[in-house]
Every structure is written in structure tokens, then in C-alpha cells.
Amino acid sequence: MNLEIDSDRLTQELDTLAGFPDAPAPAVTRVVYSEQDRRAREYVKGLCAEAGLDVREDAVGNIFARWVGAEPSLAAIGTGSHIDAIPHAGRYDGTVGVLGGLEAIRALQRSGAKPRRSIELLIFSAEEPTRFGIGCFGSRLLAGCLDPSTVHDKDGKTLDEWRTAAGFHGGLGSVALPPGAYAAFVELHIEQGPLLERAGFPLGIVTAIAAPASWRIAIEGKGGHAGAMLMRDRQDAFCAAAEIGLAVELAAKSTGSEDTVGTVGVCDVFPGAVNSVPMRVRLEVDVRDIDGARRDGVLARIRQACDDTTARRGVRVRIEAINADAPAECDATVVAALAAAAAAHGLPFQKMVSRAYHDSLFLAGIAPTAMLFIPCRDGVSHRPDEYASPQAIADGALVLAETLASLADR
Ligand SMILES: [Zn+2]
């Protein structure tokens with residue numbers, strides 16, 4: 001197949017999309033259902049229509065742009081990502097998979113290919129948790145693993161209020177896709193880590209996607225005057241929290257796998273005064289792995305450490321599980337199609353796991369799924385200086401196009 005990626009056009013479209021932010025350049029902030037989000041959607045939908053794709057939106061604003069195949073009744077091959085961005089982010093996270101996916105389809109069109117199955121570009125609503133506090137909300141709803149009535153922002157404004165104000169109507173129950181809607185799904189994304197760049201590989205083929213479990217841990221001790229309260233009389237909530245924090249690190253390391261990570265990202269101390277013994281502490285803990293059972297084993301160790309601390313220090317510890325998504329194994333057939341496509345274009349690749357999670361984590365629940373990573377400079381992401389070179393993006397789009405074509409003809 002004679003595939004050529006129009007890298008200049010793709011770069012220019014990424015630049016244009018980065019011009020619809022809520023933040024001063026070069027930072028990009030694009031929160032779902034904001035005015036900037038609306039303008040970015042209009043822009044991308046316009047490009048899809050220009051490419052002759054059939055464009056539709058669902059009740060929460062997930063966008064579907066379909067290049068109808070020779071046998072339209074067959075399940076389609078999906079690709080895509082997101083265009084929302086966390087506050088003060090860069091211009092490549094998500095957008096490379098959307099505009100790169102579109103350019104992959106256009107390259108196939110230019111080559112004269114006529115795929116058997118339809119190829120559909122998906123733009124997921126709100127991959128980032130900025131508005132609703134939950135990541136991948138659009139793809140979770142598509143996969144039927146989120147109850148839309150539970151979704152609201154931090155001020156209590158519901159998803160229903162937000163999406164109707166943004167012009168999206170129709171039953172929220174209609175968003176979940178029927179089983180078999182896609183024969184396969186592939187997401188192109190920047191790596192958001194340094195491994196490909198360090199190893200000098202232009203491509204990474206993702207074989208598993210790690211998933212987080214998060215806990216809120218409330219520790220209650222006894223407060224008092226930092227001068228008057230004797231050490232032997234103390235039940236210092238912060239000291240107990242510090243023990244638990246170290247236990248999180250130890251538990252994550254105990255698996256012996258690089259794929260297990262544990263983090264205490266929040267530590268709120270009350271009352272938070274230099275001359276006051278901490279009375280209460282709230283920790284937020286994130287544990288991730290590509291192996292769900294191993295991750296649950298780490299959580300069990302942390303729970304045991306909480307019990308030990310309670311017994312030793314006389315504090316009270318309450319654990320609240322906030323979230324626990326299942327990790328995903330990528331589909332071997334889609335992985336093989338990606339590997340064959342990379343080889344066909346002489347592009348070396350590394351097989352790797354995705355330590356961050358993506359919409360693909362949820363698509364994997366309803367369709368055979370894999371991801372294609374391209375390197376980004378210094379592994380930097382979620383920052384204004386996030387950067388992927390036009391060559392890296394073009395390589396990704398090229399291999400994506402080849403992969404989509406091969407999957408669509410099966
Ligand atoms: Zn992303």
C-alpha cells in the first residue's frame with residue numbers, strides 16, 4: 001500500500017487545535033463543556049466532514065466520525081483519543097491520537113484503499129478528570145461501566161446539567177455501546193514517559209494498561225499544645241500517617257515488579273499549625289499495576305499496615321476506597337497487526353506497558369484493543385513544554401493507517 005502522511009498538514013492542524021485553550025500560550029487548558037472545548041469540537045468535526053466522514057455525537061458529546069467501508073454492516077475498526085486537556089497542559093496529549101487518526105484515514109483514502117470494514121474515528125468526552133473528578137468519563141460510559149447519574153462536579157452540578165447546557169441531549173442510558181460495536185480499537189498516543197526516547201525507538205506497542213486503585217485514609221489522633229503535651233502522652237496523627245506513607249512505598253516495592261507503583265499524593269494535616277500536635281490527617285493513596293490481583297495484594301498489605309499503626313499508636317484509621325479500575329491486557333491480534341505494520345514500514349518498536357491509563361483501558365472491555373505510543377521529549381507530559389516531533393507523529397500516523405487497513409480487511 002502506498003501510504004503517505006501529510007506531516008505539514010497534521011502539524012498545522014495540531015497547532016490550530018492548540019489555539020483553542022483557556023490558558024496563555026503555549027499552555028493548553030481545555031475542560032470539557034467549556035467554550036474552548038466547544039470550539040475545538042467544531043474544528044475537529046469540520047475536518048472530519050471535509051474528509052467525507054459521517055459524523056455523529058452521542059448524548060454526552062463523544063464524537064464518532066465514520067469512513068464507511070465496502071461492507072458497512074460489519075463491525076467497524078475504531079481509533080481515536082481525546083481533545084480535552086488538564087489545566088496548564090501541552091498540545092499533544094490526546095490530540096495526536098485524534099488528528100493523527102484522522103490523517104491516517106485520509107492517507108488511506110489518498111492511497112485508493114477501499115477497506116472492507118468501516119473505520120471510525122472516536123473523540124472521547126473528558127478523558128481528563130478536571131470537571132467531574134473521574135478520568136475517562138466518556139469512554140467509561142461507552143463501555144457501560146459508569147452510572148451517569150452519579151457524575152457531578154465538585155460543586156454538585158450534575159453531568160446532566162453540564163451536558164444539556166453544552167447542547168448535548170438524548171437519554172444518558174443510550175450512550176453505552178452495544179456488544180460487538182467494534183471489531184477492534186487502536187489508540188495512538190504520546191508515551192508520556194521517557195522510555196522510548198531513552199531506548200531510541202520510534203514506536204512502542206502497548207501490551208497491557210495499568211489501572212489505578214485509590215484510597216482516602218483518615219487518621220484521627222489526639223491534638224494538643226506542641227510545648228505542653230509530653231511525648232509519652234501523644235497520639236500524633238501525622239506520625240501515624242508517616243508510618244502508613246512508608247508502608248505504601250514498602251508494599252509497592254514488595255512485589256519486585258517495576259509495574260507496581262504506589263503513591264501518597266495528598267497529605268492534609270489538621271489543624272496544620274507549627275505549635276499544635278496534629279489531630280487529624282487525610283491521606284490519598286494511589287496504587288497501580290497491570291496485574292489486578294497483585295495490585296490487590298499491595299492494597300491488602302497497606303490495610304495491614306494501617307491496622308498495625310492503629311494498634312501501636314492508639315489512633316483511629318478509616319479507609320475509604322474511592323476507585324478501583326481493572327487493568328487491561330491488550331489484544332494479541334491487534335498487537336500483532338501493529339507489529340506487522342511497523343515492520344512493513346521498517347520502523348523498530350518496543351513492546352511496553354502503559355503506566356498511565358487511557359480511554360483504551362475502557363474500550364478494552366468491549367473490543368479487542370491495543371495502543372501505539374510515540375516518544376515525547378524527555379518524557380514530559382501534562383506541561384506546556386510537552387513536545388512530540390513532526391517525524392515521530394508522522395511515524396505513528398503511518399503505522400496506525402497500515403494497522404487500521406489490515407484490521408479492516410479481516
Ligand atoms: Zn491522553
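By convention here, the first residue in the shown sequence is residue 1. All values derive from a computational prediction rather than experimental measurement. Every number for a ligand or one of its atoms is a count from 1 in the order of the listing.
Between R313 and E220, none of the side-chain N atoms (NZ, or NE/NH1/NH2) sits under 4.0 Å from a carboxylate O, so this pair counts as no salt bridge. Salt bridge absent: E128 and R30 never bring a charged side-chain N and a carboxylate O closer than 4.0 Å.
A cation-pi arrangement is present between R56 and F64 under the rule of less than 6.0 angstrom and at most 45 degrees off the ring axis. Because its NZ or CZ atom is not both nearer than 6.0 Å to the ring centre of F20 and within 45° of the ring axis, R39 does not count as a cation-pi partner of that residue.
Protein N/O/S atoms found under 2.8 Å from the Zn ion (ligand 1), listed by chain and residue number: H82 NE2, D93 OD1, H189 NE2.
The ring-ring contact (aromatic ring centres under 6.0 Å, His included) search around F238 returns none, not counting sequence neighbours.
Aromatic ring orientation, Y33 versus W162: parallel (interplanar angle below 30°, classes split at 30° and 60°).
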